[in-house]
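Here's the structure we're looking at; comments come further down.
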Amino acid sequence: MKEMNEKKQCPIMCSCLYFTSNKLNRILNKMAEEEFIKTGLSPSHALTLMNINRQAGLSQKELSEIMNIKPSTTTRFIDKLEGRGLVERKLEGKLSYLYPTSKGIDLQTEIDKCWEGLNKRYSEILGHEEGIKLTEAIDKAATELEKNI
């Protein structure tokens, strides 16, 4: 028997990619924030640092392209990481190149553990194979949609 206060979702919301993808994003974001709290970084900042740690010397433009974010967003992320002493910018002409500091490199092991923890959490709920399939399907859909906007 249903609770009197239980609300039913509009059927259009359940069959709309826009609403369902946003719902999934909110849930995964909450899970990721819970995992990454021990680093003192948001998941987005951790991903930014991870890319710089793995590819020292990236330009901000290259990083924006890799992460598929606007240059202004990249600048905000770098400002935050630089302020915490995790990355440094080196200017060459008009271009800014990004390098991890020793403090940023030292944080990578903890960042990797957080990504593993997040993957484990959603894999335990969805199933490992289902999580992989869903990730691949979402990536494929995003790539196709991006080609047409």
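We number each residue from 1, following the sequence as shown. Note that the structure is predicted; figures quoted are calculated from it, not measured.
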Are [X] and [Y] side-chain neighbours, meaning at least one heavy-atom pair lies under 4.5 Å?
X: P43; Y: E33; result: yes
X: I78; Y: L63; result: yes
X: W115; Y: N119; result: no
X: E34; Y: R121; result: yes
X: E124; Y: K120; result: yes

Same apolar cluster (I L V M F W Y, side chains within < 4.5 Å links), L118/I37: no

Cluster overlap I111 with I66, hydrophobic side-chain contacts below 4.5 Å: yes

side-chain contact (heavy atoms from CB on, under 4.5 Å) between L47 and M67, worked out: CA-CA 8 Å; L47 182 61; M67 294 183 62; 4.1 Å; yes

Please report the interatomic distance [atom1]([X]) to [atom2]([Y]), rounded to the nearest 0.5 Å.
X: L86; Y: S102; atom1: CG; atom2: OG; value: 10.0 Å
X: L98; Y: E88; atom1: CG; atom2: CD; value: 10.0 Å
X: F77; Y: L41; atom1: CZ; atom2: CG; value: 11.0 Å
X: L58; Y: N53; atom1: CG; atom2: CG; value: 10.5 Å
X: M50; Y: H45; atom1: CE; atom2: NE2; value: 14.5 Å
X: I52; Y: Y99; atom1: CD1; atom2: OH; value: 11.5 Å

Minimal non-hydrogen separation, G57 against E62, with atom names: O-OE1, 4.4 Å

Exercise: identify the closest heavy-atom pair between R84 and G40: NH1-O, 2.8 Å

Residues that Y122 engages under ring-ring contact (aromatic ring centres under 6.0 Å, His included), provided they are two or more places apart: none

Set of side-chain hydrogen bond (donor to acceptor under 3.5 Å, both in side chains) partners for [X], sequence neighbours left out:
X: T101; result: none
X: R54; result: D112
X: E82; result: R89

For residues 126-145, please give each side-chain donor-acceptor pair under 3.5 Å, one per line with the distance, not counting sequence neighbours.
from	atom 1	to	atom 2	distance (Å)
T135	OG1	G131	O	2.8
T143	OG1	D139	O	2.9
E144	OE2	K147	NZ	3.0

Residues that I27 engages under side chain to side chain contact (heavy atoms under 4.5 Å, CB included), provided they are two or more places apart: K23, M31

Chi angles and distances behind the side-chain contact (heavy atoms from CB on, under 4.5 Å) call for K103, L107: CA-CA 6 Å; K103 186 177 172 185; L107 194 53; over 6 Å; no

side-chain contact (heavy atoms from CB on, under 4.5 Å) between T48 and K80, worked out: CA-CA 11 Å; T48 303; K80 176 87 169 185; over 6 Å; no

side-chain contact (heavy atoms from CB on, under 4.5 Å) between L81 and L49, worked out: CA-CA 7 Å; L81 294 171; L49 180 57; 4.2 Å; yes

